[in-house]
There are 2 protein chains.
Amino acid sequence: MDTTALDASYFDEQLYVKHVAVDNVIFGYHDRELKVLLQRPNYQQKWTVAGGYVRKTESVEEAAHNIAFLRTGLKDLFLEQFRSFGNPSRTKEDWLAIKKSFENAGVQPPPDSWILDYSVSIAFYTLTEFSLVSVQKGPFDEALEWWPVAQLPPMMFDHALIIEEALKALRRDIYHYPIGYELLPRKFTLPEIHSLYETILGKTLDNRNFTRKLMSSGIIKKLDEIRSIGAHRSPYLYKFEKKKYDAALKNGIFLGF
Amino acid sequence: MDTTALDASYFDEQLYVKHVAVDNVIFGYHDRELKVLLQRPNYQQKWTVAGGYVRKTESVEEAAHNIAFLRTGLKDLFLEQFRSFGNPSRTKEDWLAIKKSFENAGVQPPPDSWILDYSVSIAFYTLTEFSLVSVQKGPFDEALEWWPVAQLPPMMFDHALIIEEALKALRRDIYHYPIGYELLPRKFTLPEIHSLYETILGKTLDNRNFTRKLMSSGIIKKLDEIRSIGAHRSPYLYKFEKKKYDAALKNGIFLGF
DNA sequence: TTAATAGTGTCTCTAAGACATTATTCC
DNA sequence: GGAATAATGTCTTAGAGACACTATTAA
């Protein structure tokens with residue numbers, strides 16, 4: 001939230017639902033690291049999660065999808081609402097900096113704009129395959145970058161907390177949904193998905209037990225292809241079984257790693 | 001939400017965060033039934049969940065606690081935020097009825113009041129011990145009653161959905177938190193807690209396995225007392241082990257029933 | 001003694017977890 | 001053949017789930 005506030009159209013008080021923001025923690029996976037897509041508004045030192053507001057004609061879920069689309073160019077990403085944040089002080093401290101940013105951008109917010117007031121943020125997280133994303137910063141962002149969740153830059157507002165909670169929700173959900181589908185390329189190797197789970201859960205998983213459980217769930221399938229890279233044994237490629245995957249999404253599964 | 005809107009002070013646009021409502025699904029347990037505390041506004045046929053708005057000086061969690069306190073007279077109840085609801089049509093259909101209720105109550109809302117506009121509802125559920133509650137209806141409620149979740153009356157807005165989702169969240173959380181503590185009297189019998197879990201989960205649980213697992217978790221403790229009722233063997237009383245219970249709340253446990 | 005409900009023990013089977021060796025590829 | 005990484009099988013153990021009888025009370 002709060003960031004895309006810099007888009008001038010947000011001052012249109014008829015278009016948006018006042019006092020309600022949507023923040024979307026966009027996760028990506030690359031180089032054996034879990035990353036978050038963050039933006040830094042013009043003239044700001046601190047970063048924010050991808051955010052925006054809710055049009056009066058759309059649902060909060062649609063707003064969250066729009067935010068993801070704006071920054072990644074991708075539609076229909078996996079998206080989960082995990083919590084809302086609302087208290088009088090969560091944004092106060094950083095308002096002045098934000099206001100300055102408005103002015104630096106040549107936009108003069110009305111002094112009593114609702115954007116500067118108490119606002120509740122409905123937080124989502126989104127999963128996306130890293131290589132598909134070509135990040136697109138907004139007109140008022142100085143930067144839009146992937147950051148490793150393990151080493152975040154200084155964050156505005158309560159956004160460090162929001163990311164922390166998103167990560168908790170992701171770690172909870174990984175046991176119930178086949179998360180890998182969203183974070184890996186269509187074809188992937190066992191070591192890749194193994195490393196993904198280790199990264200997200202932040203612990204090592206025995207490779208034999210991991211493979212056994214994953215295969216017995218039936219959601220991935222071995223292909224008759226090999227990826228040749230390097231001076232060592234080449235790994236087989238795997239893909240998700242769409243049917244099993246959809247069923248798992250819908251009904252939940254239990255993957256007790 | 002939406003209901004306590006009938007309180008005239010909600011028209012004070014300075015006091016409350018506009019467009020943000022809090023709905024609180026208050027669960028109680030009695031007579032081997034899981035119940036929800038519902039209110040019916042004056043002159044309305046349909047019922048609503050306990051709800052209200054957020055003061056600009058408080059957090060959404062505080063608002064939810066206040067709502068629970070207003071209706072039950074109890075503080076510090078177990079309270080979980082489980083989802084937010086926001087789309088353009090969720091309340092539309094029932095606005096006219098609500099407006100009528102405003103007027104019947106002798107209160108004339110300004111025609112463009114934010115209360116009638118798009119509003120997002122942040123939904124919580126609360127657990128409370130049935131016998132402790134003396135329900136207190138608000139000035140604009142015609143009724144405030146416990147209803148069995150299995151047989152709900154006609155509900156306003158999307159409140160049937162909200163209750164359904166609250167129940168899903170409760171069923172999810174029952175595996176991770178020692179829910180019984182909030183819904184049972186301080187001293188209770190094994191058949192009582194057994195029946196509580198069966199009711200919430202909507203399935204029968206083998207009494208021997210249930211007892212074994214519950215006791216091995218250590219969160220309840222057998223007392224040296226018996227409750228004498230009826231022409232049959234009298235059950236022992238149990239109580240929760242506060243320390244183990246607090247640890248379970250904080251760190252989560254796994255009760256795989 | 002009977003009717004009603006409370007309380008408890010054992011067996012089986014599945015699956016989680018611990019653990020180490022062999023296989024492939026390229027240099 | 002050596003270095004690097006991929007792949008795979010077995011044993012042990014804990015716990016989930018199925019199952020039925022005995023104990024207590026009061027009428």
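Reminder, nothing fancy here: chain letters follow the sequence lines and each chain counts from 1. Just so you know, these numbers come straight off a predicted model, no measurement behind them.
- The nearest whole Å value for the distance from the CZ atom in A:Phe210 to the P atom in D:dT8 is 14 Å.
- Of the candidates C:dA16, D:dA20, D:dT8, D:dT8 carries the atom nearest the A:Arg208 side chain, counting heavy atoms from C-beta on.
- For A:Lys222, no side-chain nitrogen or oxygen approaches OP1 or OP2 of D:dA6 to under 4.0 Å.
- If you check D:dA4, D:dA6, C:dT8 against the side chain of A:His232, the one that comes closest is D:dA4.
- In this structure, the CE atom of A:Met215 is 16 Å from the P atom of D:dA6, given to the nearest Å.
- When rounded to the nearest whole Å, the span between OH of A:Tyr175 and C1' of C:dA16 equals 13 Å.
- Nearest-nucleotide mapping onto DNA chain C: of B:Tyr236 and A:Ile226, the residue sitting toward the 5' end is B:Tyr236.
- Both B:Lys213 and B:Ile229 lie close to DNA chain D; mapped to their nearest nucleotides by heavy-atom distance, the more 5′-ward contact belongs to B:Lys213.
- Computed from coordinates, the A:Leu255 CG to C:dG17 P distance equals 12 Å when rounded to whole Å.
- The separation between A:Asp206 atom CG and D:dT10 atom P is 16 Å, rounded to whole Å.
- Judged by distance alone with a 3.5 Å cut-off, a donor-acceptor contact links the side chain of A:Asn209 to the base of C:dA18.
- Rounded to whole angstrom, the span from the CZ atom of A:Arg227 across to the C1' atom of C:dC26 amounts to 18 Å.
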Passes side-chain contact (heavy atoms from CB on, under 4.5 Å), B:Val25 versus B:Leu170? Steps please. CA-CA 11 Å; B:Val25 181; B:Leu170 176 61; over 6 Å; no
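- Aromatic ring pairs are classed by plane angle as parallel below 30°, tilted from 30° to 60° and perpendicular above 60°; the pair B:Trp47 and B:Trp147 is perpendicular.
- With C:dG7, D:dA7, D:dA16 as the choices, the nucleotide that has an atom nearest any side-chain atom of B:Arg212 turns out to be D:dA16.
- Checking each of A:Phe257, A:Phe188, A:Tyr238, A:Phe210 against A:His194 for a ring pair (Phe, Tyr, Trp, His ring centres under 6.0 Å) leaves exactly one that passes, namely A:Phe210.
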How far apart are the C-alpha atoms of A:Ser84 and B:Ser84, what are their side-chain angles, what is the distance that settles it, and do they pass the side-chain hydrogen bond (donor to acceptor under 3.5 Å, both in side chains) test? CA-CA 7 Å; A:Ser84 298; B:Ser84 298; 2.6 Å; yes
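- When the P atom of C:dT24 is taken as reference, atom CZ of A:Arg233 falls 6 Å away, rounded to whole Å.
- Within 6.0 Å of atom CZ in B:Phe85, more than 12 heavy atoms from other residues, nucleotides or ligands are found, so the atom counts as buried in its surroundings.
- We find that CZ of B:Phe254 is positioned 12 Å from P of D:dG15, with the value rounded to whole Å.
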